[in-house]
Amino acid sequence: MKVLQSRRARGFLLYLAAAGPGLIAANAGNDAGGVATYASAGAQFGYRPLFFMVVITIGYVCVQEMVARLAAHTGKGLGALIREQFSLRLSAFAIVAFAIANIGLVVTEFAGIGAAFELFGVSRYLSVPLAAVAIWALVMLGSYRYAERIFLLMSLVFITYPIAMILGHPDWHAVVANTFVPHFLRSSAFILVGVALIGTTITPYIQLYTAGAVVDRGIGPDEYKYERVDAVSGAILSDLVSMFIIIATASVLGGTGALTSAAQAAKALEPLAGRWAEDLFGLGLLGASALAAAVVPLSTSYALAETVGVERSVSKTFREAPLFLGLFTAQIIVGSAVVLIPGNLFTLIINAQVLEGVITPITLVFLLVLANRRSLLGAAANGRLARSVGLVTVVVVGLFASFLVFQTVLGWFGVSL
Amino acid sequence: MTRPILRLPTLPRRSDPVTPDSGGSGSHADHPPRSLHRPRPLHNRSQRLLATRAVRDAIVSLAGVVGRPVRNQGGAEIGKLVDVVCRWDDNETYPPVTGLVVRVGRSVSFVDGAAIEAIVHTEVRLHSARVDLREFEPRPGEVLLAKQVLDYQLVDVDGVKVIRASDLYLAPVFGGYRLVGVDVSAQSLLRRLGPARWRTLATPDRVIDWGAIQPFGDTPRGAAPEVRLRTSNAGLERLRPGELADLLEDLMRPERQELLDSLSPEEAADALEEMDPEELASLLREADPAQAAELVGNMEPDEAVDALRDLNSDERANVLGAMPLAKAAPLIRLLTYPEDEAGGFMTTAFVVAPVTETVAELVDRLGHAAECPEELDAVALVDEDGTFVWDLPLLQLIVTPGHTPLHELVGEADPVTVDSHARVQEVAERLVEARRLSVVVVEDDRPVGRILADDVLDALTPERGRFHFPRLLQ
């Protein structure tokens, strides 16, 4: 969840001042799914995924720039643009893809809440239903804005990752080498982690969110040059934090295999917090998850209501806005119910990111087509460079996803690659 | 207010004022379509075309007919229908179909509306065998229904609602095909998602008569249009500012701009005053400074200052810079007060009179004032030094003989005032104490503005604004 503050770079000091909230926002983007996936990748493959993250960042920057440009130049959110620009069937397909990805994200957030409470010794069968009811009520009663600040403060815990990283004395030589020297891990396990990393970074949800935020703030074509700086720096900043999480976890747990519990992931904070690491991690996880558990279903409902063209407001009654409020409620129920199915919460979180990663290429195709369309954007449509970078991103992301699907389907028939 | 949605099965009238021209006889060509304009549409719904049974029976779904074969006189298929061209025209409530876009082989060409014999659910039949194969060049006011209207936002003026067209309906009336209604039902969306044969069934569940619709985009979207919103629905003028504000908030930027451009600056400013502050800031930000300045300049000073406060300093400077100095100066002065103090939400559009004046002089002056505050309820009286002495209710001014000097009307008690640095709570208490609709704001005993009760109400009512795309760190 990035919030790109509209600012005009007037000197370095001003920029630094503005980078503060940017950093917070970028950090808030590392929700339960992000933290779990980055930590697990670091634990399983050490510093090796760092170069992959650099590649993802290029794609992510390009995608965020396209979304912000589309929104600034058309003044419309992605839902409306898709409905107006594609046939109804294609629009429905895109919206269903977005909806499935977002429900995956809601599951992630509730799993995050459950995992955090388990760190404090509270059963998820108690904490998750209560959290679901509480978040639903907070939003419906209109007092979510206050709770949001508390959650945001709690999630700031993850800002300690860079400090934990330095205190963990990583092998800086290996870090630099693995970040800048191109390499690729040829293992089917890495494909899975790769798709999860893509899914948690270039989340379809972030695209809806960025477009909505740009439109909402009234950013027009004239302000777009500032907005672009924001979109790009926000994306880079957010991925830097992701890489810090990978390095911090890798230096403590590198090579021990995929993580299966939040308690393991919390070990990465031990160089900083010692025996308080679990509590610190749990606090951050809870804040980040609770924050997103309300915002994600709201955004999905908003985008869907925008596409269908009906009332979209929490200040309306169920009778006035049945689709919007019904969808919001349904997502909270489904999201929390899935988490109550017995199984490993941490693995559930990572699997949900894999689902995101499989859906990402679908939504990216729609995005790329829109951003390429001259009849929509005129001179602001993708130029040759943006077109090719976008295409390469879609192809790479698509290859990863389809290879994973292919491998999984073969696996059902007992064939392993 | 009457509901805009016609539930077709329960329509009351069977005797139709208009016989639809389903036979294509052209006998109604001499009926000027203008005659259909209801003088007061909200109360004369039965004259709406869709209220006519025969029209309802003859309507064709646009979403269904697109993609269907176009046949010539002999019944041979010459191509597939791609789109239907309509003309937005100020004189026509129901836009006439002026042509078709047809895919012939690999090329796309334009067929003039005159060649249309019939549009039915499953096909389009033409009069002639010859088709003039030329490129479609939109003439002024022409729109492509499937490409530019279907699935886009429209305003339902009767229902005061922004809708998205899930289907459009055509019907043969007044010697030609016209756009008569728009469907907003979810059922229509599902019908369009299903197999092709579902699509042809017109299932008008919630159809809004086109006479109640404010359309947009008679110029290609994205291009800079020279003439916008040629057809301004007469019903728009009857909307209250608050209703217009709701519509402006629900529309997306291009449509919002069109609607805004169709309003007079005064109407627009009144609507803007009713808008949610965040939506308003976003609207002013995206308008160009000259337009924003005109809009803000037409707002009441206290509302204008509120709006300006929500912009950042650069944007604020741009808007103020584009305003005539006479308008900008009082706003700049008001902006120097903190938002939560009396000076921050008072209005400077108020009337001050010296006690030396007579009632008749004051009334005369009020009558000749270029801009009299709309919400005037009292006149602030000052003595020779400019010190505030009495707040004179307007009613008393009216009932007092004209020759009476104002100082005779000054009351015994100390007049109730608030200091420009007073907090909202204190202002509220003062208002309750004074039992008035407004209270004068003073600085060093001189009146500098007036606070109206509604502004205090606004400030005290907990903010429960409209819902935005959820975002953090606002």
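Since the structure is predicted, the reported quantities are computational estimates derived from the model, not experimental observations. Letters go in sequence order (proteins before strands), and every chain restarts at 1.
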| Heavy-atom contact with chain B under 4.5 Å, split by part of Ser91(A) | neither
| message | I'd like to check Arg253(B) versus Lys76(A) (side-chain heavy atoms, cut-off strictly below 4.5 Å). Are they in contact? | response | no
| request: Verify the neighbour count for atom CZ of Phe93(A): are there more than 12 heavy atoms of other residues, nucleotides or ligands below 6.0 Å? | output: no
| said: For the CG atom of Asp222(A) and the CG atom of Asn318(B), what is their distance to the nearest 0.5 Å? | reply: 10.5 Å
| task | Using non-hydrogen atoms and a 4.5 Å limit, figure out which bit of Ala287(B) sits close to chain A: side chain, backbone, both or neither. | result | neither
| field | salt bridge (charged side-chain N to carboxylate O under 4.0 Å, His left out) against Arg285(B), all qualifying residues, sequence neighbours excluded | value | Glu315(B)
| Looking only at heavy atoms, what is the nearest atom pair of Leu193(B) and Leu88(A), with distance? | CD2-O, 3.7 Å
| query | Any side-chain heavy atom of Arg89(A) within less than 4.5 Å of one from Arg192(B)? | reply | no
| task | Heavy-atom distances under 4.5 Å only: say whether Ala380(A) touches chain B with side chain, backbone, both or neither. | result | neither
| message | Donor-acceptor pair, distance only, cut-off 3.5 Å: does the side chain of Arg164(B) make one with the backbone of Glu306(A)? | response | yes
| Between CG on residue Asp314(B) and OH on residue Tyr226(A), distance to nearest 0.5 Å | 8.0 Å
| query | Do Leu189(B) and Arg83(A) come within less than 4.5 Å of each other through their side chains, counting heavy atoms only? | reply | yes
| remark: With chain B, the option among Ala72(A), Ser87(A), Gly77(A), Pro221(A) that has the most non-hydrogen atom pairs under 4.5 Å is Ala72(A)
| message | Between the side chains of Lys147(B) and Glu84(A), is the shortest nitrogen-to-carboxylate-oxygen separation below 4.0 Å, so that they form an ion pair? | response | no
| remark: Those residues at least two apart in sequence (or on a different chain) that pass salt bridge (charged side-chain N to carboxylate O under 4.0 Å, His left out) with Arg256(B) are Glu279(B), Glu286(B)
